[in-house]
**Student:** 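Once you've had a glance at the structure underneath, I'll fire off some questions.
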2 protein chains.
Amino acid sequence: MAENNIDFEKCDCNVIHEDVIEKVKEEMTCEEKLNDLAEFFKVFGDSTRIKIICALFSSEMCVCDIASLLNMTQSAISHQLRVLKQARLVKNRKDGKVVYYSLDDEHVQKIFDQGLVHINERR
Amino acid sequence: MAENNIDFEKCDCNVIHEDVIEKVKEEMTCEEKLNDLAEFFKVFGDSTRIKIICALFSSEMCVCDIASLLNMTQSAISHQLRVLKQARLVKNRKDGKVVYYSLDDEHVQKIFDQGLVHINERR
DNA sequence: TGAAATTATGAACAATTATTCAGATATAAT
DNA sequence: ATTATATCTGAATAATTGTTCATAATTTCA
């Protein structure tokens, strides 16, 4: 029988440093926020979406223009713009038939730039 | 016949704002860097890895401890630690049988925090 | 009203990815 | 040497994700 009443854990090894685990557990951001955070970064983790974001740093653009710029189908771009919009990274305005997209967040540039700093530091 | 000698484009719509596209093209970060950047953010875009990163903000930990903390198998954690190491986000030191992992980058915290700011701004 | 153009969307498919499983390696202790 | 422990690794599986295709919705213009 187990020493305590905790359900079977998937973890298949012994706890080596219980004190460390306790401390980390207390200091850690709650699981729900961490899941949201991973979902958020997932949006940055696709080359099509990163290119769209980067393009929108320069100027607002319509779907057609982005598709042309990236040499991809309008449909593919539209799908990705929806993902970006759901993550509140872009916003859009409609002018007749044309929908113009632009960035909707000041943090995007900061996150983007910090990422660039990191990959530029390759030794 | 096409107006110019460019190969067939996947883009299936007309260019509406050629001037904008030209301007954006000039200002855009080169494709190679953008691909690397997407690869880099992909590493943040998984809840297991985000949790590992967050845990390591508090303290260095061995594989066993991380597995126990997150209630996952040692193997799963080991696989993800490899991904994190390849992205140069964590480093490790060996002490006998035990391998201790810690963060290997000052930018990680900045990127993590900016992400948190973003998701905390939900209206 | 009808045709053309732009964008959005659902379903299917292909590709990628995380985890599990089984077993290998490496170190320490007996 | 043998056993036990911690970690790593390759292959298989399950789940997720990006793109394509076909089509719908919306707006403009004739």
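Naming convention: chains lettered A, B, ... in sequence-line order (proteins, then strands); numbering from 1 in each chain.
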**Student:** Rounded off to whole Å, could you give me the NE2-to-P distance for the B:His17 and C:dA5 pair?
**Tutor:**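 Answer to the nearest Å: 16 Å.
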**Student:** If the condition is salt bridge (Lys or Arg N to Asp or Glu O under 4.0 Å), which residues does B:Lys110 pass it with, not counting sequence neighbours?
**Tutor:**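 Here no residue qualifies.
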**Student:** Rounded to whole angstroms, how far apart are NZ on B:Lys85 and P on D:dT7?
**Tutor:**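 That distance rounds to 14 Å.
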**Student:** Just how far, in rounded Å, is P of C:dA8 from CD1 of A:Ile66?
**Tutor:**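 Nearest whole value for this atom pair: 10 Å.
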**Student:** Are A:Arg82 and C:dT9 close enough that a side-chain N or O sits under 4.0 Å from OP1 or OP2?
**Tutor:**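 Yes, within the criterion.
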**Student:** Considering only D:dT9, C:dA18, D:dT7, which nucleotide approaches the side chain of B:Gln80 most closely?
**Tutor:**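 Within the option list, the nearest is C:dA18.
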**Student:** Do the side chains of A:Lys51 and B:Glu31 get close enough for a salt bridge, i.e. N-O under 4.0 angstrom?
**Tutor:**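 Salt bridge present between A:Lys51 and B:Glu31.
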**Student:** Listed by chain and number, what are the side chain to side chain contact (heavy atoms under 4.5 Å, CB included) partners of A:Gln86, not counting sequence neighbours?
**Tutor:**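 A:Gln86 satisfies side chain to side chain contact (heavy atoms under 4.5 Å, CB included) with A:Arg82 only.
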**Student:** Can you measure B:Leu81 atom CG to D:dT7 atom C1' for me and round it to whole angstrom units?
**Tutor:**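 Taking CG of B:Leu81 and C1' of D:dT7, I get 10 Å after rounding.
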**Student:** Whole Å only: how far is the CE atom of B:Met61 from the C1' atom of D:dA6?
**Tutor:**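 Rounded to the whole Å, the gap is 16 Å.
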**Student:** Whole-Å distance between D:dT20 C1' and A:Met72 CE?
**Tutor:**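 Computing the A:Met72:CE to D:dT20:C1' distance gives 10 Å.
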**Student:** Considering heavy-atom distances to DNA chain D, does B:Ser78 or A:Lys42 have its closest nucleotide positioned more toward the 5' end?
**Tutor:**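 On the 5' side of the pair lies B:Ser78.
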**Student:** In whole Å, what is the span from the CZ atom of B:Arg93 to the P atom of D:dA6?
**Tutor:**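 Nearest whole value for this atom pair: 16 Å.
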**Student:** I'd like to know whether CD of B:Glu106 has more than 12 heavy-atom contacts from other residues, nucleotides or ligands below 6.0 angstrom.
**Tutor:**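 It does: B:Glu106 CD has more than 12 such atoms within range.
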**Student:** At under 4.0 Å between heavy atoms, how does the protein contact nucleotides 21-30 of chain D? Give one character per nucleotide, 5' to 3', with B, S or -.
**Tutor:** BB---SBS--
**Student:** Among residues 44-54 of chain A, which residues get a heavy atom nearer than 4.0 Å to DNA chain C?
**Tutor:**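 Contacting residues: none.
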**Student:** Between side-chain atoms of residues 89-100 of chain A and protein atoms elsewhere (two or more places apart, or another chain), which donor-acceptor pairs fall under 3.5 Å?
**Tutor:**
residue: A:Lys91; atom: NZ; partner: A:Leu103; partner atom: O; Å: 3.1
residue: A:Asn92; atom: OD1; partner: A:Lys85; partner atom: NZ; Å: 3.4
residue: A:Asn92; atom: ND2; partner: A:Tyr101; partner atom: OH; Å: 3.3
residue: A:Arg93; atom: NE; partner: A:Glu60; partner atom: OE1; Å: 3.2
residue: A:Arg93; atom: NE; partner: A:Glu60; partner atom: OE2; Å: 3.3
residue: A:Arg93; atom: NH2; partner: A:Glu60; partner atom: OE2; Å: 2.5
residue: A:Tyr100; atom: OH; partner: B:His17; partner atom: NE2; Å: 3.0

**Student:** Please name all residues satisfying ring-ring contact (aromatic ring centres under 6.0 Å, His included) with B:Phe44, sequence neighbours left out, ordered by chain then number.
**Tutor:**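 Testing B:Phe44 for ring-ring contact (aromatic ring centres under 6.0 Å, His included), a comparison that skips the adjacent residues, returns A:Phe41, B:Phe40.
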**Student:** Any ring pair (Phe, Tyr, Trp, His ring centres under 6.0 Å) involving residues 65-95 of chain A? Give me the pairs, sequence neighbours left out, ordered by first then second residue.
**Tutor:**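 Output for this query is empty, none listed.
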**Student:** Counting only side-chain N and O atoms of B:Tyr101, is one of them less than 4.0 Å from OP1 or OP2 of D:dA6?
**Tutor:**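 For D:dA6, OP1/OP2 do not have a side-chain N/O of B:Tyr101 under 4.0 Å.
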**Student:** Check ring-ring contact (aromatic ring centres under 6.0 Å, His included) between B:Phe112 and all other residues, then give those that pass, not counting sequence neighbours.
**Tutor:**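 Here the qualifying residues are B:Phe57.
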**Student:** Could you tell me the separation between the CD atom of A:Glu39 and the C1' atom of C:dA18, rounded to a whole number of Å?
**Tutor:**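 Whole-Å distance recorded here is 14 Å.
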**Student:** Does A:Glu27 have any salt bridge (Lys or Arg N to Asp or Glu O under 4.0 Å) partners at least two apart in sequence or in another chain, and if so, which?
**Tutor:**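 Expected list: A:Lys23.
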